[in-house]
Structure formats: structure tokens, C-alpha cells
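Written below as C-alpha cells is the structure these notes are about.
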Amino acid sequence: SVVGRAELLSFFFASLSLFAWLRTKFIISALLFFAAVLSKETAIALPVILFILSVYRKKSPIWLCYFGIAVFSYAILRFWVLGGFALEPQVEFVFNPLKFVSLPERLATTLKISVGYLRNTVFPFYLSPDYSFNQIPLVNKIWSSVQAILGLLIIILASLFLVFNVYRKKFECAVLSVSFFLFPYLIVSNFVLLTGTIMADRLMYWPSFGVVFAVALWFNLLLRLGAPVKIFYFLAGGVIFIYSILTINQNKFWTDEEKLFDAMFQRSPNSIVARTNWARILTNRGQAEEAQALLLETLKIFPDFAPTLNM
């Protein structure tokens, strides 16, 4: 999935920008931020994170001017290329139904999805290449979903933690870890701005750094409290081993189209996109009757998806 390269490049340049900012090389930092935001819009969260960090560290406010120029330059390029689509992406219902529902329903579903993102980040045992309609049931009312309520509590607690500790200038690293999770996530979450997809695990690449940062802080705290170093090595080694195996197995899905669509259909059997793609594989195998039956069932769920109609 070459589109995932955008997350890697954006985070790479943003990390370099952060390091340059910490060394008071503001012009270089702004240029690297410009490269990050050109790679992926998620990087627009970096100035917010740096602003919070500036509360703890005495830095000349001139960096805001350099970053302002970078944001302005990016905005000009974006409007030049995209025109009227610069502020609102053209979203198809199948890929992001949240654009076509009421605001309360959209917010409730987004909060539910936030819990799913966190679960997939920490326990990536059943990732799916696709979460399109109708895989994720929409939430009509926030109190009707335990996950939505839990997502709301996470957002509220994270926000209160930031406000309270930034005001008191306490727990700089913990604040930074929460900031790296919260602000990039809000950009890709459909909570504030709509994106082209309802959910995609690659979008959590940026926010997952905040989770990793928080885990590192917990390990550091345990070591300071006298926990044996061997326990740290044991836990870290176990996590690395398990995640490595999961990564290797997950990468196998992307070696060819049939394996990808198989994994997509097995893990998101209700998705219109997954069902249509699997019908194409069945057709290629000569199983036309099975493919036709699957497509007819799919059209009953959503009759207007062009690829299904074409099949």
C-alpha cells in the first residue's frame, strides 16, 4: 500500500523538525516541518505540540513566524493545486459514510472508532486492510455504545490532563506523549475535519508514537522505583518478538492481490469494498456462480457502488 508512505515521510520530517527546534535551529525546523506537511496534512499538529513544549522551555517566539510562513506557503500550494477541494475532500459514501450522517451520529461513531484504533495499536492481532461501509456500524446515540462512551472519556481525560499540567508546567514528558497522541489523532479522526476514509490503521502511525512514548515513560518510572532491569529486558524482548511476528504475518497479505483481498474479506466480511473485491477473485478462479451470489447480496446492502455494479 504505497499510500502509507505518506505517514512515514510526514513523521520522519516532523521528527527531524522537532530535533532542530529543540536545538533552536528554527529556520531548519520550519523547513523540515514544511516537508512534513507536504507529505501528509497530519503534520499540521506539530506547531501545536511545539507551542505546548515552549511553555516548558524558554524559546524565542520567532519560531512562530517561521512556522507561520511554512503554513501560509503550504496553504497557497494546496489551494493552487486543489482549488475548491482544498478544504473539503470529495468523499464517497462507501469509503466514509460519516460525511453523510448527522453531526451527533458522526461524533458518536468517531468516539467509538477511537477505542478501536487504540485497541489495534496495542493489540494488532486482527488488523484489516479495509474498514469501509458496512463493516463499522454507525452509532446513533453516544449513550447506546459503551465504546463511544469510553472514547469520550479518553478524549476528555487527555484534554484535562494537558490543560491542568501545562498550566502548572508539570510532567513535561507525559504532556508531550499525550500531545503526540491527541493532536495528530484529532486531525485524522473525522472528529474535527472529514477525511477520505472512515478508518485506516495507517492513520494511527503518528498518534501511535504518543502511545509508545507513554509506555517508555512507564518503564522509566518502574526502573526509578527499583524494578529489576531484567524484568524490563524480558518485557521489552517479548513485545518486540510478538510484534515482529505479527508484522511479518501482516506483510504477507500485501505480496499479491489475491492474498490482500482474501484477508480483506476474512477480516471485514461486511465491507462493500471487501465483498466486491473478493467476488473479482472468485471470478478469476472460475467460480462465477459464487461471485454472482456474493455480488447480489452486496447490492442488497448498498445498490449504488459502481465497482459492484460493474462486476
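In this chain, numbering begins with 1 at the start of the sequence shown.
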Which residues share a ring-ring contact (aromatic ring centres under 6.0 Å, His included) with Phe12, sequence neighbours left out: none
Shortest non-hydrogen separation from Val192 to Ser189 and the atoms involved: N-OG, 4.4 Å
Atom pair CZ/CG of Phe95 and Asp130 - distance to nearest 0.5 Å: 7.5 Å
Whether Phe302 and Phe93 hold their rings parallel, tilted or perpendicular, with breakpoints at 30° and 60°: parallel
Side-chain heavy-atom pair Thr197, Ser132 within 4.5 angstrom cut-off: no
Same apolar cluster (I L V M F W Y, side chains within < 4.5 Å links), Leu46/Leu38: yes
Side-chain heavy atoms of Leu50 within contact of Phe67, under 4.5 Å: yes
Step-by-step ring pair (Phe, Tyr, Trp, His ring centres under 6.0 Å) determination, Trp278 to Phe261: CA-CA 6 Å; Trp278 185 239; Phe261 290 164; 8.4 Å; no
For the student: nearest non-hydrogen atoms of Pro184 and Ser179, plus distance: CD-O, 3.4 Å
Test: Glu290 and Arg285 ion pair at under 4.0 Å: no
Test side-chain contact (heavy atoms from CB on, under 4.5 Å) applied to Val166 and Tyr56, step by step: CA-CA 8 Å; Val166 169; Tyr56 293 87; 4.1 Å; yes
Gap separating the CG atom of Leu8 from the CH2 atom of Trp206, nearest 0.5 angstrom: 12.5 Å
Pairs meeting criterion side-chain hydrogen bond (donor to acceptor under 3.5 Å, both in side chains) with involvement of residues 153-169, two or more places apart: none
Approximate separation, where rounding is to 0.5 Å, of Asp304 CG and Ile272 CD1: 10.5 Å
Residues in ring-ring contact (aromatic ring centres under 6.0 Å, His included) contact with Phe183, at least two apart in sequence or another chain: none
Arg106 side chain near Leu194 side chain, heavy-atom distance below 4.5 Å: yes
Under 4.5 Å side-chain linkage, directly or through intermediates, the cluster mates of Ile76: Phe72
Summary of side-chain hydrogen bond (donor to acceptor under 3.5 Å, both in side chains) pairs that have at least one residue in residues 111-129, sequence neighbours excluded: Asn120-Tyr131, Asn120-Asp201, Ser128-Ser268
side-chain hydrogen bond (donor to acceptor under 3.5 Å, both in side chains) contacts touching residues 29-50 (sequence neighbours left out): Glu7-Lys40, Ser17-Ser29, Glu41-Arg78
Heavy-atom pair of closest approach, residues Thr255 and Lys259: OG1-CD, 3.3 Å
Inter-residue atom distance Leu150.CG - Leu118.CG, 0.5 Å rounding: 8.5 Å
Phe85 CZ: over 12 foreign heavy atoms closer than 6.0 Å: no
Listed partners of Glu92 passing salt bridge (charged side-chain N to carboxylate O under 4.0 Å, His left out), at least two apart: none
Inter-residue atom distance Ser15.OG - Phe209.CZ, 0.5 Å rounding: 6.5 Å
Parallel, tilted or perpendicular: rings of Phe171 and Phe161 (30°, 60°): parallel
Stepwise side-chain hydrogen bond (donor to acceptor under 3.5 Å, both in side chains) check, Asn190 with Thr110: CA-CA 7 Å; Asn190 289 299; Thr110 299; 5.6 Å; no
Linked, directly or transitively: Leu295 and Ile281 (ILVMFWY side chains, under 4.5 Å): no
Shared hydrophobic cluster, Phe79 / Leu193 (ILVMFWY, side-chain heavy atoms < 4.5 Å): no
Spacing of Phe125 atom CZ and Asn249 atom CG [to the nearest 0.5 Å]: 11.5 Å
Test item: side-chain donor near acceptor, Thr308 and Thr276, under 3.5 Å: yes
Derivation and outcome, side-chain contact (heavy atoms from CB on, under 4.5 Å), residues Gln250 and Thr247: CA-CA 5 Å; Gln250 187 76 11; Thr247 301; 5.7 Å; no
Side chain to side chain, Phe133 and Ile301, heavy atoms closer than 4.5 Å: yes
Residues which pass salt bridge (charged side-chain N to carboxylate O under 4.0 Å, His left out) with Glu172, listed by chain and number, not counting sequence neighbours: Arg57
Flag side-chain contact, heavy atom, 4.5 Å: Phe19 against Leu32: no
Donor-acceptor under 3.5 Å (Ser177 side chain, Ala174 main chain): yes
Non-hydrogen side-chain atoms of Arg202 and Val3 separated by less than 4.5 Å: yes
Residues Phe34, Tyr74; criterion ring pair (Phe, Tyr, Trp, His ring centres under 6.0 Å); working and verdict: CA-CA 7 Å; Phe34 186 57; Tyr74 167 73; 7.4 Å; no
Salt bridge (charged side-chain N to carboxylate O under 4.0 Å, His left out) involving Arg280 - partner list, sequence neighbours excluded: Glu257
Which donor-acceptor pairs under 3.5 Å do side chains of residues 217-245 form with protein atoms, sequence neighbours excluded?
| from | atom 1 | to | atom 2 | distance (Å) |
| --- | --- | --- | --- | --- |
| Tyr243 | OH | Val122 | O | 2.5 |
| Ser244 | OG | Ile240 | O | 2.6 |

Closest contact, heavy atoms only, Lys170 versus Val175: O-CG2, 3.7 Å
Step-by-step side-chain contact (heavy atoms from CB on, under 4.5 Å) determination, Phe26 to Trp21: CA-CA 5 Å; Phe26 296 139; Trp21 187 90; 3.7 Å; yes
Whether Thr109 side chain and Val139 backbone form a donor-acceptor pair below 3.5 Å: yes
Note, Leu182 side chain near Leu162 side chain (heavy atom, < 4.5 Å): yes
Would you give me the side-chain donor-acceptor pairs under 3.5 Å for residues 58-65, sequence neighbours excluded?
| from | atom 1 | to | atom 2 | distance (Å) |
| --- | --- | --- | --- | --- |
| Lys59 | NZ | Leu22 | O | 2.8 |
| Lys59 | NZ | Thr24 | OG1 | 3.2 |
| Ser60 | OG | Ile62 | N | 3.3 |

Closest non-hydrogen atom pair, Gln135 against Asn270: OE1-N, 3.1 Å
Joint cluster assignment, Val101 & Phe305, ILVMFWY side-chain distance < 4.5 Å: no
Linked, directly or transitively: Ile52 and Leu157 (ILVMFWY side chains, under 4.5 Å): no
Leu18 vs Ile49 side-chain heavy atoms within contact, under 4.5 Å: no
Residues which pass ring-ring contact (aromatic ring centres under 6.0 Å, His included) with Phe253, listed by chain and number, not counting sequence neighbours: none
Gly210 to Phe180 - nearest heavy-atom pair and separation: CA-CB, 3.9 Å
